[in-house]
Amino acid sequence: MGWGWSSCCKRSDGAEPGRRKKKKDTTWRIFSLKELQSATNNFNYDNKLGEGGFGSVYWGQLWDGSQIAVKRLKSWSNKAEREFAVEVEILARVRHKSLLSLRGYCAEGQERLIVYDYMPNLSIHSQLHGQHAAECNLSWERRMKIAVDSAEGIAYLHHYATPHIIHRDVKASNVLLDSNFQARVADFGFAKLIPDGATHVTTKVKGTLGYLAPEYAMLGKASESCDVFSFGIMLLELASGKKPVEKLNPTTKKTITEWALPLVRDKKFKEIADPKLKDSFVEDELKRMVLVGIACSQDKPEQRPIMSEVVELLKGESTEKLSNLENDDLFKPDSSFQSSSGPDSSDCVTEERSPKADAIEEAVDSSETVPSAR
């Protein structure tokens, strides 16, 4: 598996990422280590935005005044090299308004750095649970737009990118927000390219507790449907302001789906809404977001919608499909529902948190990311 950045970061046309052929596309370039050291004040601690298993993310400013986020791999290894190569390759392939764009990268000696535009409003996670939570920046209008935009970004990866791409780590801390709260799906270090005709790839489990689809957590089967599951959890999080898993006591946990579903069956949608919204939301849209979130996070992958349908449902473009969803057996009071937590995801992966994770919220990745169980 010793594939290095130089071979992996070539585009499908054989050229190395550096300049796009089409003038209308944003260009990226290779940065020098000296340039990034200067931009980040030599990776100064005060510039650190967050850290995780991969290393750290730093704020920086280039000579032209533009602000950047620099993801710096903690230590060189074959594994780190592969993740770096995958992320650069995938970022070099994709261009969509709801996906975080690559500004460039640096590979000098054993240093591996990826450069992005800085997102001043950090992430959904930061706005709901982190350092910006008290500011209540996410109005209902913003939440609805974030839901639709991020759904469109993931739908692009699944349906329009060639080859198709599974993100494998969709979560609130990987949906970043620019100065206008435009959503940008980020962090493609765990992403997988899906060969034509393949329904899934079997792989070591990577992801974040609370967002892992059961078939992936238990069997390592990664497919587009795993991203749909994670996205559904994130929708419920966006609507309710709750975290994906709530600890009721030291031995008992309840997933956000287990909490929300009984309220949906009793038609108590208002009780699901984030209290910070103070009843300032569009009830039909809230209902739509919650129904779609639960439909996405069902146990059985074949029962989940695909991302193009998720976009359509969130936009409310088909009253017939919305009505069919609302009348689905899943939402009937006497319907049985098996917890999507299944055998606890922690049986498959162990969570690693930086002690400072809550204090310095991430810009491009999260310390909640868990590595594969080795």
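Atom set for the values below is all heavy atoms of this structure, side chains included, hydrogens, waters and symmetry mates excluded. These numbers were taken from a predicted model, which means no experiment stands behind them.
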Visitor: How long is the straight-line distance from CG of Leu212 back to CD of Glu215, given to the nearest 0.5 Å?
Guide: 10.0 Å

Visitor: Could I get the full list of salt bridge (Lys or Arg N to Asp or Glu O under 4.0 Å) partners for Glu312, not counting sequence neighbours?
Guide: Lys321

Visitor: Indicate the ring-plane relationship of Tyr156 and His96, choosing parallel, tilted or perpendicular according to the 30° and 60° boundaries.
Guide: tilted

Visitor: What I'd like to find out is whether the side chain of Lys287 reaches to under 4.5 Å of the side chain of Leu322, using heavy atoms alone.
Guide: no

Visitor: Show the nearest heavy-atom pair for residues Val70 and Phe43, with the distance to one decimal.
Guide: CG1-CE2, 4.2 Å

Visitor: Flag the pair Val170 / Tyr211 as yes when at least one side-chain heavy-atom distance between them is below 4.5 Å, and no otherwise.
Guide: no

Visitor: Using 0.5 Å steps for rounding, measure from the OG atom of Ser225 to the CZ atom of Arg304.
Guide: 4.0 Å

Visitor: Quick check: does any side chain N or O of His167 sit under 3.5 Å from a backbone N or O of Ala186, one acting as donor and the other as acceptor?
Guide: yes

Visitor: Are the side chain of Asn180 and the backbone of Gln182 linked by a donor-acceptor contact shorter than 3.5 Å?
Guide: no

Visitor: How close do Ile68 and Ala39 get, counting heavy atoms only, and between which atoms?
Guide: CD1-CB, 4.2 Å

Visitor: Between Asp328 and Leu330 (side chain of the first, backbone of the second, donor and acceptor by atom type, cut-off under 3.5 Å), is there such a pair?
Guide: yes

Visitor: Testing the basics here: between Tyr105 and Val88, what is the closest heavy-atom pair and its distance to 0.1 Å?
Guide: CD2-CG1, 3.8 Å

Visitor: Is Asp274 reaching over with its side chain to a backbone N or O of Ala239, donor-acceptor style, under 3.5 angstrom?
Guide: no

Visitor: Among Arg112, Lys71, Arg82, which one satisfies side chain to side chain donor-acceptor pair (under 3.5 Å) with Glu87?
Guide: Lys71

Visitor: In Å, rounded to the nearest 0.5 Å, how long is the span from CG of Leu102 to CG of Asp117?
Guide: 9.5 Å

Visitor: Is there a donor-acceptor pair closer than 3.5 Å between any side-chain N or O of Asn42 and the backbone N or O of Gln37?
Guide: no

Visitor: Looking at Val86, is its backbone amide N or carbonyl O close enough to the side chain of Glu89 to form a donor-acceptor pair, meaning the two atoms are under 3.5 Å apart?
Guide: no

Visitor: Could you measure the distance from the CG atom of Leu261 to the CD atom of Gln298? Nearest 0.5 Å is fine.
Guide: 9.5 Å

Visitor: Does some side-chain heavy atom of Met307 sit less than 4.5 Å from a side-chain heavy atom of Glu224?
Guide: no

Visitor: First locate atom CZ of Arg143, then atom CG of Asn137, and finally report the distance between them rounded to the nearest 0.5 Å.
Guide: 10.0 Å

Visitor: List the steps and the verdict of salt bridge (Lys or Arg N to Asp or Glu O under 4.0 Å) for Lys34 and Glu108.
Guide: CA-CA 10 Å; Lys34 186 177 179 183; Glu108 287 186 22; over 6 Å; no

Visitor: For residues Lys145 and Phe181, determine if any side-chain heavy atom of one lies less than 4.5 Å from a side-chain heavy atom of the other.
Guide: no

Visitor: Tell me, do Ile256 and Lys243 make a side-chain contact under 4.5 Å, heavy atoms counted?
Guide: no

Visitor: Looking only at heavy atoms, which two atoms of Leu99 and Arg184 are closest? And how far apart?
Guide: O-CD, 4.1 Å

Visitor: Going by salt bridge (Lys or Arg N to Asp or Glu O under 4.0 Å), name the residues that satisfy it together with Glu285, two or more places apart in sequence or in a different chain.
Guide: none

Visitor: Quick one: pull up CG in Leu235 and CG in Leu291 and give me the separation to the nearest 0.5 Å.
Guide: 11.0 Å

Visitor: Pair Thr40, Arg72 - check side-chain hydrogen bond (donor to acceptor under 3.5 Å, both in side chains), show working.
Guide: CA-CA 11 Å; Thr40 60; Arg72 185 190 196 193; over 6 Å; no

Visitor: Do Glu237 and Pro244 make a side-chain contact, defined as non-hydrogen atoms from C-beta onward lying under 4.5 Å apart?
Guide: yes

Visitor: Any side-chain heavy atom of Asp227 within less than 4.5 Å of one from His158?
Guide: yes

Visitor: Mind listing the closest non-hydrogen atom pair of Leu128 and Ala133 along with its distance?
Guide: O-CB, 3.4 Å

Visitor: Got Met119 and Leu177 here, is their nearest side-chain heavy-atom distance under 4.5 Å?
Guide: no

Visitor: Between the side chain of Asn174 and the main-chain N/O of Asp169, is any donor-acceptor distance below 3.5 Å?
Guide: yes

